[in-house]
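A short write-up of the structure that comes next.
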Amino acid sequence: MALSLNGFPRTHRLLASNEFKAVFDGAQWKAQSKEILILGIHRGETQGNPRLGLVVGKKSAKKAVQRNSIKRVVRESFRTHKQALNGLDLIVLTRPGAADLPKQELRTMVDTLWGKLKPNRRKPSNPKPKRS
RNA sequence: UGAGUUGGCCGAACAGUCGCUGGAGUAAGCUUUUAGCUCGCUCUGGAGGAAAGUCCGGGCUCCUUAGGGCAAAGUGCCAGGUAACGCCUGGGCGGCGUGAGCCGACGGAAAGUGCAGCAGAAAGUAUACCGCCUAAGCAAACUUCGGUUUGCCGGUAAGGUUGAAAUGGUGCGGUAAGAGCGCACCGCGCGCCUGGUAACAGUGCGUGGCGAUGGAAAACCCCACUUGGAGCAAGACCAAAUAGGGACCCUAUGGCGUGGCCCGCGCUGGGUCCGGGUAGGUUGCUAGAGGUGCAAGGUGACUUGCAUCCCAGAGGAAUGACUGUUCUCGACAGAACCCGGCUUACAGGCCAACUCACUUU
RNA sequence: CGGGGCGUAGCGCAGCCUGGUAGCGCACCAGUAUGGGGUACUGGGGGUCGCAGGUUCAAAUCCUGCCGUCCCGA
């Protein structure tokens, strides 16, 4: 099969709520700026697809148009950088103020954040459930 | 030419590359093989005028038909349009504007209850502070003994003062002074007539002196009309499950049920706790009070007929990014069951009709 | 999708139903008591009543439309 390198099909997304929960509970990989926070978890298998989940709340962007455009920018950036992120499940969270950034600035910020993504050694590799 | 009013329309365009997504066709792989999943290729569709706020009205769906009474909420000049409306159109009345036009919660205060601070004599069955008038009565002062003046008593509401608001206006007569007390005109009420479907109107006729009948109902209220309740997380289907149990409590003028209460109606035990177990998929989901064009009817909203078109349907949720060219340099803003309105936001641009002012002819 | 509450001085709240004067506590400023501070007492300043219209003679209050914020239910 001739899977295109820059595509963003359904298999590259986080879909179910328990998948989101797994990333939140055992987030070893982390990168952040003032407006953006990226959490990640390594699924073990090195050749697996990277998967992306987005959390853009009303608190960070009030208007639906703003939330949509933020998601588009992040997806676009993920799509072009995903070859370096194999095997990772990632969640991108936005913080208040993300909607006030110009699109170009947001794009370059997310682009550089992928490179900054590093595993946190203090956390144990096997996630232990904090919440009961 | 400038200023303005009303109605309607548009909401950057084109090309290429990559990416997302619905549909149709087609090749391949996998599986639990009449089916489904994954992925590729070709063709094709892919946000708005407000998609928004969720303020109204419907469709649709379910509930044990929704019947009556009370309550509650909403609407409020008249007629029409519409599936319906609190919307729209036309008309009436009132107000604003030189005008085109615009604005109006615009039923009832002679059913009842309540309200109007301060000021003012008086604020709702009116009243009399300053005034004006009067010398009949009482009292006092003065007196040329004729009277004069003042107060009380009495008359009056023209003038003044207050206030948002003071109970017809102007003129003439009238009077002690005054007063619809009388008259004329205007205004107002009532009845009739005429026109209009009606709201309502009238140099129409008659009648009433007008303290009748002030304001406020976005105070309660009265009258008329409308409203059964919930909402696509409605609901339907498939698979699984709601099993079998234990303890305690409440009781059949009981309990349960989609309506705030009662009657009526339907069902027959109900509730709490312990323990056990399931919460996956499909559908509803877009062909509709649909769009466009033409014709006819109507002042118009709109209706009818014919032709033609198919124009988003996701499910963490699709329209974006980059490059190039052009211009007026791009605003408000993203469908989530679907329509009709209203309201609010909005860079800029276009068209039509009309009004006013100036200039020219 | 449906329903409800709140917005008044720097902060937390009354007043709104039943319309005419915006008040309470803390904080702030000044004075007195003390050598000074804390504290107490006395006096004072400070509010577009979320915004915009409307009703009324008069609106924080009644009505309508917006804005912000918080909370429920499915």
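Just so it is clear, the values below take in all heavy atoms, side chains as well, and ignore hydrogens, waters and symmetry mates. In what follows, chains are A, B, ... by sequence order, proteins preceding strands, each numbered from 1.
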Look at all strands and tell whether A:Val55 reaches a base, only sugar-phosphate, or nothing, counting heavy atoms closer than 4.0 Å.
base

Please work out if A:Lys103 contacts a base, only the sugar-phosphate, or nothing of the nucleic acid, heavy-atom cut-off 4.0 Å.
sugar-phosphate

If we only count heavy atoms from C-beta on, is the A:Glu35 to A:Leu101 side-chain gap below 4.5 Å?
yes

Counter-base of B:rA51, judged by Watson-Crick or G-U geometry with both distances under 3.5 Å
none

So what's B:rC265 paired with, Watson-Crick or G-U wobble, going by both distances under 3.5 Å?
B:rG257

State which residues pass side-chain hydrogen bond (donor to acceptor under 3.5 Å, both in side chains) with A:Glu76; sequence neighbours excluded, sorted by chain then number.
A:Arg79

Checking A:Ser77 side chain against A:Val74 main chain: does a donor-acceptor pair fall under 3.5 Å?
no

Distance check needed: B:rC332 P versus A:Lys62 NZ, whole Å only.
16 Å

Ignoring hydrogens and angles, does a donor from either the side chain of A:Arg67 or the base of B:rG316 sit under 3.5 Å from an acceptor on the other?
no

For RNA chain C, what are the stems built from at least three Watson-Crick or G-U pairs in a row, each pair having both distances below 3.5 Å?
C:1-7 with C:67-73, C:10-13 with C:23-26, C:28-33 with C:39-44, C:50-54 with C:62-66

Can you figure out which of B:rC322, B:rG334, B:rG320 approaches the side chain of A:Gln104 most closely?
B:rC322

For a 4.0 angstrom threshold against heavy atoms of chain A, report the outermost contacting nucleotides of RNA chain C in 5' to 3' order.
C:rG68 to C:rU69

